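Keep in mind that what you see is a predicted model, and the values were worked out from it rather than measured.
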Amino acid sequence: MTGRICGTGFCVPHRVMDNEELARMVETSDEWIRERTGIAKRRIITEETTVSMAAEAAKQALADAGIAAEQVELIMTATISSNVILPCAACEVQKEIGALSAACFDINAACCGFLTAYQTAQAYIEAGIYQTILIIGSESLSKLTDWKDRGTCILFGDGAGAAVLKAGEGEGFRSILHSDGGRGEALTCSGKHWKSGEDDTGFMKMDGREVFQFAVKRVPEVIREVLELNHCSLEEIDYFVVHQANRRIIESVARRLGTDVQKFPMNLQDYGNTSSASIPILLAELRRNGTLKKGDRILMAGFGAGLSWGAGIADWGI
Ligand code: COA
């Protein structure tokens with residue numbers, strides 16, 4: 001048994017914040033941000049929440065899959081910015097969409113959250129425990145952003161993406177996840193609720209250069225590793241769906257692999273880095289705009305706080 005993606009959905013806030021607006025808040029410019037990151041704008045919550053966006057993305061994914069909410073057996077929401085600490089976001093989504101038979105929990109793996117949920121869902125399905133699983137990445141990173149720090153506030157955005165996995169015959173692919181807690185200081189967020197010191201704002205703090213160097217080294221490595229593990233070649237991959245943090249990181253990954261960057265779709269120019277939501281938002285967009293065709297083989301790769309990184313492969317079945 002293996003889990004196949006049979007529906008996707010996404011939801012982003014209505015409010016658009018472009019680089020010009022940011023340039024009025026901190027010392028930066030549209031040109032600098034585009035050149036260093038590729039980002040032109042991002043969406044920021046106003047009345048939306050992590051749960052409301054997650055629920056909307058989930059409803060779309062279920063409709064796309066033709067599956068009723070009552071059939072869902074497990075909901076995993078990957079998030080670092082849930083509305084409240086308790087109950088978990090997955091339980092709140094369950095209430096919103098009426099998936100009354102589902103077990104629910106959240107995953108905190110930052111930008112690797114969706115990949116972690118995908119790997120976990122595959123393990124449950126292979127073990128025969130659940131057959132129908134809803135996985136979501138949803139973030140309101142604007143709540144955790146220091147809008148006075150030009151090194152981080154230009155990067156992030158809010159949004160949610162979801163996918164439905166259903167058990168199917170045959171053998172699937174194995175995903176790979178790695179973490180190096182020893183380098184965790186490179187990207188941290190103590191959270192307002194756990195304010196630990198006088199100068200601790202509770203916002204995200206990042207050593208941008210270190211994270212950049214980590215990503216351009218580790219992502220190509222783990223892509224090769226997951227390909228080898230699954231006896232698959234680079235040429236067999238139709239699309240590389242990489243965490244949407246920075247255009248230069250993605251271009252560097254493509255270069256290091258010797259692969260055409262055209263195989264690396266991007267939407268970071270519109271949404272910025274939405275952490276655990278970036279991969280499922282991109283999947284849902286590619287599904288919606290007809291880029292992904294049944295039978296396409298995709299490779300998903302993520303990296304971020306932890307530091308953590310990983311990759312997984314899927315044959316597109318819808
Ligand atoms: N606007 C204008 N100048 C800025 C700026 C901004 N928003 N942010 C930093 N700078 C300045 C710095 O102060 C520095 O000035 P100095 O040379 O006078 O000291 C200069 O630009 C270069 O800074 P540096 O940090 O070396 O820039 P960079 O090329 O590494 O780009 C990032 C910074 C954050 C865009 C880049 O490091 C990055 O994208 N890293 C990865 C971050 C990431 O993806 N994190 C999430 C992972 S999930």
Side-chain angles (χ1 to χ4, degrees), residues 10-30 32-34 36-57 77-85 88-89 92-93 96 106-114 136-162 187-195 200-206 208 211 243-247 267-282 284-285 302 304-305:
F10 79 102
C11 173
V12 290
H14 296 292
R15 169 148 158 53
V16 179
M17 183 188 279
D18 63 16
N19 291 344
E20 301 290 353
E21 186 177 346
L22 271 175
R24 292 193 290 275
M25 294 160 62
V26 289
E27 209 182 316
T28 190
S29 65
D30 176 47
W32 194 96
I33 301 171
R34 281 179 197 259
R36 301 292 175 114
T37 70
I39 298 165
K41 52 194 175 192
R42 68 285 295 141
R43 301 296 184 99
I44 302 294
I45 54 165
T46 48
E47 74 278 9
E48 302 90 350
T49 68
T50 295
V51 169
S52 73
M53 293 187 293
E56 174 55 31
T77 301
T79 185
I80 56 165
S81 50
S82 57
N83 291 13
V84 291
I85 297 171
C88 69
E92 294 196 284
V93 170
E96 291 284 314
D106 287 358
I107 286 177
N108 178 342
C111 303
C112 285
F114 183 79
I136 306 165
S138 184
E139 303 289 5
S140 305
L141 297 180
S142 57
K143 294 192 299 188
L144 307 175
T145 298
D146 181 352
W147 293 101
K148 295 192 183 83
D149 175 15
R150 67 176 182 174
T152 53
C153 74
I154 57 160
L155 299 172
F156 300 106
D158 301 335
L187 180 46
T188 59
C189 180
S190 66
K192 286 180 191 155
H193 301 289
W194 296 281
K195 226 173 158 191
D200 186 354
T201 58
F203 296 128
M204 287 186 283
K205 287 190 191 138
M206 184 182 65
V211 175
H243 170 49
Q244 300 289 294
N246 182 312
R247 175 180 292 278
N267 62 6
L268 59 88
Q269 62 280 3
D270 295 327
Y271 305 127
N273 176 347
T274 57
S275 190
S276 68
S278 91
I279 290 176
I281 291 175
L282 185 54
E285 273 201 340

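- If you take CG on N108 and OG on S276, they are separated by 9.5 Å, rounding to the nearest 0.5 Å.
- You'll find the side chain of F203 stays beyond 4.5 Å of the side chain of T152, heavy atoms only.
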When you look at I45 and M53, which way does the side chain to side chain contact (heavy atoms under 4.5 Å, CB included) test go after all the steps?
CA-CA 9 Å; I45 54 165; M53 293 187 293; 3.7 Å; yes
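- Distance CG/L155 to CG/N246: 7.5 Å, rounded to 0.5 Å.
- The nearest pair of heavy atoms linking R42 to G157 is CB-CA, 4.0 Å.
- Crowding of E47 atom CD: a count of heavy atoms from other residues, nucleotides or ligands under 6.0 Å exceeding 12.
- For the atom pair T274 OG1 and F114 CZ, the distance stands at 11.5 Å (nearest 0.5 Å).
- For the pair L22 and I33, the tightest heavy-atom approach, listed with the atom from each and the gap, is CD1-CD1, 4.3 Å.
- To the nearest 0.5 Å, atom OH of residue Y271 and atom CD of residue E285 are 3.5 Å apart.
- For the pair C153 and V26, the minimum side-chain heavy-atom distance is below 4.5 Å.
- Taking 4.5 Å as the limit, some side-chain heavy atom of E92 sits within range of a side-chain heavy atom of V84.
- With hydrogens and angles left out, the side-chain atoms of T50 and S140 include a donor and acceptor closer than 3.5 Å.
- Between N19 and I39, the shortest heavy-atom distance links the atoms ND2-O, 2.8 Å.
- We find the NZ-CZ distance between K41 and R15 to be 13.5 Å, quoted to the nearest 0.5 Å.
- Between N273 and H243 the shortest side-chain heavy-atom distance falls below 4.5 Å.
- Here the CD1 atom belonging to I44 is positioned 7.0 Å from the OG1 atom belonging to T145, to the nearest 0.5 angstrom.
- Closest non-hydrogen pair, L141 versus M204, comes out as O-CE, 4.0 Å.
- When atom types are taken as modelled, the side chain of E48 and the backbone of H14 share a donor-acceptor pair closer than 3.5 angstrom.
- Side-chain contact between R247 and L268 is present, with at least one heavy-atom pair separated by less than 4.5 Å.
- T49 places no side-chain N or O within donor-acceptor distance of the main-chain N or O of N83, the cut-off being under 3.5 Å.
- Across P280 and G137, no two heavy atoms sit closer than the pair CG-N, 4.3 Å.
- The minimum heavy-atom distance between C112 and G304, with the atom names listed, is SG-N, 4.4 Å.
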What verdict does the side chain to side chain donor-acceptor pair (under 3.5 Å) test give for D106 and T79, after you've listed the backbone C-alpha separation in whole Å, the side-chain angles of each residue and the deciding distance to 0.1 Å?
CA-CA 7 Å; D106 287 358; T79 185; over 6 Å; no
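- Side chain of E139 to backbone of A277: no donor-acceptor contact under 3.5 angstrom is found.
- Distance alone, capped at 3.5 Å, is enough to place a donor-acceptor pair between the K143 side chain and the S82 backbone.
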